[in-house]
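Report on one structure; see the data block that follows.
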Amino acid sequence: MPEGHTIHRAAREHDKIFSGHCLSVTSPQGRFANGAARLDGQKCTGVEAIGKHLIYRFEDGSLLHIHLGLFGRIRKHKLPLRPARGAVRVRMVSAMDAIDISGPTICETLDEPGLLSLKQRIGPDVLRVDADPSRAYQKISKSRRAIGHLIMDQSVMAGIGNIYRTEILWRQRVHPLTRGRDLDGATLERIWLDARNLLEIGVKRNAIITVESEKRSKGRYRENTNIFGKAVCPSCDGAVSKLEISGRRVYLCGNCQVLAGAN
DNA sequence: AGAGTTGTTCAAGC
DNA sequence: AGCTTGAACAACTC
């Protein structure tokens, strides 16, 4: 489920509803919720997203570290609560609100040094105001690997997942197989800014929306993309082709996206 | 029912 | 060293 926007949206929402409140923290399915018992009954002091990682802080200094992986989900519930449905690993309940977390690949308590090492191995996060994109630009311009790989590599820059990768490169007319070192600084900056722009829209809308003029459909959240999962390029009407990069599918338009520096 | 998936890490081999 | 590949894991949808 999650690209970076999902996690940042959750962090903002959970910070609002949980900060300053005592939480009941339980682990209905036991497995995985390493250290959860120690958090039970404590006051939450803040929630933060770092790339696709979520950090909940508690008053005794404990940190709960969550990564949803490919299948993890967070569901918000109304009180009174019903018993957890499905494989819920952690449930957090305040006087007003509750969430269930299912399927995380990481669910553990962390100390400050652990958080520091997490922050150090993650690249600048496009959704964080304290991000330093030049760290990403430097890595990319030294690499001969495909830009389609690099922008989704969380140690290069954090937040982009498989759908945004396709959409950003199409919007910026960059061929996903272009080597990092063959892209100029201006292009890298366009990629960064577009990523931030799109993910921020994702946070607000709770959906991946990458098309320019979207009619605000009432009711349901709906994903709306240009070429991800599409057969025809909306810009030139040419056929969309498919590639695999970093083991995941990438869509591209061979007319619109230029392979720079091929030689 | 079985394949597919908005992710990541690790190990082994080149 | 850097890059690639494959496996493992997770929970749900169609």
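FYI, side chains are in, hydrogens and waters are out, and symmetry mates aren't considered; it's all heavy atoms of this structure. Throughout, a chain's letter reflects where its sequence line sits, starting with A, and its residues are numbered from 1.
The list of salt bridge (Lys or Arg N to Asp or Glu O under 4.0 Å) pairs with a residue in residues 90-99 of chain A, not counting sequence neighbours, reads Arg91(A)-Asp100(A).
Stem regions annotated for DNA chain C: B:2-5 with C:11-14, B:7-14 with C:2-9, counting only runs of 3 or more consecutive pairs of Watson-Crick or G-U type with both contacts under 3.5 Å.
Near DNA chain B, meaning a heavy atom under 4.0 Å from it, residues 157-175 of chain A has Gly161(A), Asn162(A), Ile163(A) in order of number.
Here His5(A) lies in heavy-atom contact (under 4.0 Å) with a base.
Ile101(A) has its CD1 atom 13 Å from the P atom of dA11(C), to the nearest Å. In this structure, Ile74(A) atom CD1 and dA11(C) atom P are separated by 14 Å, rounded to whole Å. Distance Arg89(A) CZ to dA11(C) C1': 9 Å, rounded to the nearest Å. Separating the CG atom of Leu70(A) from the P atom of dA7(C) is a distance of 17 Å, rounded to the nearest angstrom. When the P atom of dA1(C) is taken as reference, atom CZ of Arg144(A) falls 17 Å away, rounded to whole Å.
dG6(C) and dG4(B) have their P atoms separated by 16 Å, with the value rounded to a whole Å.
One finds a salt bridge joining Glu48(A) and Arg128(A) here, because a Lys/Arg side-chain nitrogen approaches an Asp/Glu carboxylate oxygen to under 4.0 Å.
Scored by the salt bridge (charged side-chain N to carboxylate O under 4.0 Å, His left out) test, Asp153(A) finds no partners at all (sequence neighbours excluded). Looking at residues two or more places apart in sequence or on another chain, you find no side chain to side chain donor-acceptor pair (under 3.5 Å) involving Asn255(A). Under the rule for a side chain to side chain donor-acceptor pair (under 3.5 Å), the partners of Ser62(A) that lie at least two apart in sequence or sit in another chain are Arg38(A), Asp60(A). Evaluation of the side chain to side chain donor-acceptor pair (under 3.5 Å) rule for Glu200(A) yields Arg12(A) as partners, not counting sequence neighbours. Legend: residues meeting salt bridge (charged side-chain N to carboxylate O under 4.0 Å, His left out) with Lys230(A), ordered by chain and number and at least two apart, are absent. Remark: Arg190(A) pairs with no residue by the salt bridge (charged side-chain N to carboxylate O under 4.0 Å, His left out) rule, at least two apart or across chains. Annotation: salt bridge (charged side-chain N to carboxylate O under 4.0 Å, His left out) contacts of Glu13(A) (sequence neighbours excluded): Lys76(A). Under the side chain to side chain donor-acceptor pair (under 3.5 Å) criterion, Glu167(A) pairs with Thr210(A), Asn226(A), sequence neighbours left out.
A distance of 4.5 Å separates CD1 in Ile245(A) from CG in Leu177(A), rounded to the nearest 0.5 Å.
Put simply, chain A comes within 4.0 Å of DNA chain B, heavy atom to any atom, from dT5(B) to dT9(B), going 5' to 3'.
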